[in-house]
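Here is the structure we will look at, set down as structure tokens.
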Amino acid sequence: MSKKEVINRYSLIINRIRKSPATLKDINNYLERESEIQGYDFRISKRTLKRDLEDIFSLYKIDIQYDFSTKVYRIVSQDEPDLNNRMLEAFDTFNALNQTEGISRFIHFEKRRPNGTENFHGILHAIQNSKMIKYIYHKYWNDEISTRLIAPYGLKEFKNRWYVIGKDEKDGEVKTFGLDRITQLEITAKKFNYPSGFDLNERFANCFGIINPKDLKPEKIVLSFDVEQGKYIKSFPLHSSQQVLKDNAQEFQISLNVLTSFDFIMEILSYGDRVKIIQPKGLRNEIRNIYMRALENFR
DNA sequence: AATCGTGGCGCCTTCACTTG
DNA sequence: CAAGTGAAGGCGCCACGATT
């Protein structure tokens, strides 16, 4: 049995158990069917299954355990569900893109610039080991290029982009840098002390997007969407603080507790005439002014 | 020749269910 | 309700054949 077949078998086992919890017999039936399709013999003994499950855990961090009360193997949801879901998602995409040849005719990829994930691993390593990082940064807004020395605290994702949050040595401010804007990353030998009170999730709890201005306080925001848009907002909440206030034939109303940062205003604008701002007045006026000015552009 | 992947064996553990 | 039972997995160990 070659390496390729073994890896293939791991995927099959994961796929089977993800569909529904399964007994050893179920798994072997599934493997037998796949053996006929793929022309290998994937069937395994109980001993090998046990070893495979260990390998799967160490490779993919997918924890499959036997549940004695229902007599089946199932994926144990971890204490980090976000991480777990993302791993499974990546696993699906990887397998699908990997197994088929000549797929570009059938898949339309979004054209996007590289998102800087090649630096992801290096930065994460620096964070875990409290090592300063140095890189060249191109700002989003202008052509300014600068060399930065940063004490990295964490990584954050927003709208499919990744950002590193860290303290800039130059002025001691904690800032956010887009990974796709970073070049010539260098992990220095210089250590820093991770600030004891810093909690990444807490810091961004009330934040929409990556900008976290100090002078803004989170506000209670009430939004009313039309019914169609409401369906989308219901399945993809804008923010973890989202609560449904009204859900009827006329409108879909929610409340949020977030900072009204630039990112948030852009988000509201992206819903155009499908959203009304019920509360607060300040935000309502701000958005109205933007639309007024925008109208000028169409005269 | 050395290593690796695998299955079988034997004994242990776990858990649900039965029995008195 | 405690003890016993059975079914199934867990796991260390070893042999065998395939792979490198």
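Letters A, B, ... mirror the listed sequences (proteins, then strands); counts begin at 1. The structure presented is a predicted model; accordingly, all values stated were derived computationally and were not measured. Values reported hereafter were calculated over all heavy atoms of this structure, with side chains retained and with hydrogens, waters and symmetry mates removed.
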Quiz item: Taking the six-membered ring for Trp, are A:Tyr271 and A:Phe225 parallel (under 30°), tilted (30 to 60°) or perpendicular (over 60°)?
Solution: perpendicular
Nearest-angstrom distance from the residue atom [atom1] of [X] to [atom2] of [N]:
{"X": "A:Leu53", "N": "C:dA8", "atom1": "CG", "atom2": "C1'", "answer": "15 Å"}
{"X": "A:Asp67", "N": "C:dG9", "atom1": "CG", "atom2": "C1'", "answer": "12 Å"}
{"X": "A:Phe57", "N": "C:dG10", "atom1": "CZ", "atom2": "P", "answer": "15 Å"}

The side chain of [X] lies closest to which of these nucleotides: [options]?
{"X": "A:Lys50", "options": "C:dG9, C:dC11, B:dT6", "result": "C:dC11"}
{"X": "A:Glu54", "options": "B:dG7, C:dC11, B:dT6", "result": "C:dC11"}
{"X": "A:Phe68", "options": "C:dC11, C:dG9, B:dG8", "result": "C:dG9"}

Quiz prompt | Presence of donor-acceptor pair under 3.5 Å, side chain of A:Arg47 and base of B:dG5 | solution = no
Exercise. Using only heavy-atom distances, decide whether a donor-acceptor pair under 3.5 angstrom links the side-chain of A:Arg51 to the base of C:dG10.
Key: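 Donor-acceptor pair under 3.5 Å: no.
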Quiz item: Can the positive tip of A:Lys156 be found less than 6.0 Å from the middle of the six-membered ring of A:Phe204, inside 45° of the ring normal?
Solution: yes
Exercise. Remember a base hit wins even if backbone is also touched, and classify A:Ser69 as base, sugar-phosphate or nothing at under 4.0 Å, heavy atoms.
Key: sugar-phosphate
Quiz item: With sugar-phosphate meaning primed atoms plus P, OP1 and OP2, does A:Ile44 contact a base, only sugar-phosphate, or nothing at under 4.0 Å between heavy atoms?
Solution: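 Result for A:Ile44 = sugar-phosphate.
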Quiz item: Side-chain N or O of A:Lys46 less than 4.0 angstrom from OP1 or OP2 on C:dG9?
Solution: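 Looking at the OP1 and OP2 atoms of C:dG9, neither is under 4.0 Å from any side-chain N or O of A:Lys46.
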Practice problem: Taking only the side-chain nitrogens and oxygens of A:Tyr66, find out if one of them lies under 4.0 Å from OP1 or OP2 of C:dC11. | Solution: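 Checking C:dC11 against A:Tyr66, no side-chain N or O comes under 4.0 Å of OP1 or OP2.
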Practice problem: Identify the heavy atoms of A:Ile13 and A:Ile27 that sit nearest to each other, and give their distance. | Solution: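 Scanning both residues completely, I find the closest heavy atoms to be CG1-CG2, 4.3 Å.
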